[in-house]
Participant: 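Handing you a structure now.
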Amino acid sequence: MAASGRKVGYAMASILMRTLTRSSNFASNSRSLSGVVSTEIITSHTAKWMQDTSKKSPMELINEVPPIKVEGRIVACEGDNNPALGHPIEFICLDRDEPAICKYCGLRYVQDHGHHHH
C-alpha cells in the first residue's frame, strides 16, 4: 500500500519537474527556482505586508497566546502538533517564576505550581 502511494508521489514529482524545466523562465540550473518565483514578487509582497498597519505582526500575534501551564520542570516545545508545521524540539527549563520563551516560535511556558503529586 505504501509502495503504491510512493510511486504515485514520484510520478507527480516527475511531472512537476518536467513541467517546470520546460518553462522558458526556468533557469538552466534545476536547483535554482529564481525563474519560478522572482525576487521582485517576494520583495514587493513583503513591503506591501509591512505597510499594512491594520494587520498584526507575528510578534503581536504570538504575544496574544497566554503562557501554557506545564506540570513538570522541563517542557519540549515543537511549535505545532503537526511536525510539518513545527520546528526542531526545544527543551525549556521552567525553574524561574516568569514564563520561559521558546527561542524558535515565541510560545511561553510556566510551571503549574497548583498541581501537586503525592
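Position 1 is the first residue of the sequence, and the numbers go up from there.
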Participant: Salt bridge (Lys or Arg N to Asp or Glu O under 4.0 Å) with E78: which residues, sequence neighbours excluded?
Facilitator: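 Expected list: none.
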Participant: With sequence neighbours left out, write down each residue that passes side chain to side chain donor-acceptor pair (under 3.5 Å) with D95, or none if nothing qualifies.
Facilitator: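 In terms of side chain to side chain donor-acceptor pair (under 3.5 Å), with neighbours along the sequence ignored, D95 is linked to R73.
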Participant: What pairs with E64 under side chain to side chain donor-acceptor pair (under 3.5 Å), at least two apart in sequence or on another chain?
Facilitator: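 Here the qualifying residues are K56.
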Participant: Which other residues end up in the same hydrophobic cluster as I74, if Ile, Leu, Val, Met, Phe, Trp and Tyr are linked when side-chain heavy atoms come under 4.5 Å apart?
Facilitator: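 Once heavy-atom contacts under 4.5 Å are chained together, I74 belongs with I89, F91.
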Participant: Can you tell me which residue pairs pass the ring pair (Phe, Tyr, Trp, His ring centres under 6.0 Å) test with a partner in residues 63-84, sequence neighbours excluded?
Facilitator: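 Ring pair (Phe, Tyr, Trp, His ring centres under 6.0 Å) check on residues 63-84 returns no pairs.
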Participant: With a 4.5 Å cut-off on side-chain heavy atoms, are Y104 and C77 touching?
Facilitator: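 The answer is no, as the side chains (C-beta and beyond) never meet within the 4.5 Å cut-off.
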Participant: Do you know the tightest heavy-atom contact between E60 and K55?
Facilitator: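 Smallest interatomic distance, heavy atoms only, reads OE1-O, 4.5 Å.
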Participant: Per the ring pair (Phe, Tyr, Trp, His ring centres under 6.0 Å) rule, what does the pair list look like for residues 51-73, sequence neighbours excluded?
Facilitator: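 Output for this query is empty, none listed.
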Participant: List in chain and number order the residues that pass side chain to side chain contact (heavy atoms under 4.5 Å, CB included) with V110, two or more places apart in sequence or in another chain; answer none if no residue qualifies.
Facilitator: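 V110 satisfies side chain to side chain contact (heavy atoms under 4.5 Å, CB included) with P67, K69, P99 once adjacent residues are dropped.
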Participant: Linking Ile, Leu, Val, Met, Phe, Trp and Tyr by side-chain heavy atoms under 4.5 Å, what else ends up with V70?
Facilitator: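 Hydrophobic cluster check, V70: joined to I62, V65, I68, V75, I92, L94, L107, Y109.
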Participant: Side chains of H87 and C102: closer than 4.5 Å at any heavy-atom pair?
Facilitator: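 The answer is yes, as the side chains (C-beta and beyond) meet within the 4.5 Å cut-off.
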Participant: Quick one: side chain to side chain contact (heavy atoms under 4.5 Å, CB included) partners of D80, sequence neighbours excluded?
Facilitator: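 Checked D80 against side chain to side chain contact (heavy atoms under 4.5 Å, CB included); matches are N82, L85.
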Participant: Output all residues satisfying side chain to side chain contact (heavy atoms under 4.5 Å, CB included) with D97, sequence neighbours left out; order by chain, then residue number.
Facilitator: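 By the side chain to side chain contact (heavy atoms under 4.5 Å, CB included) rule, D97 matches no residue at all.
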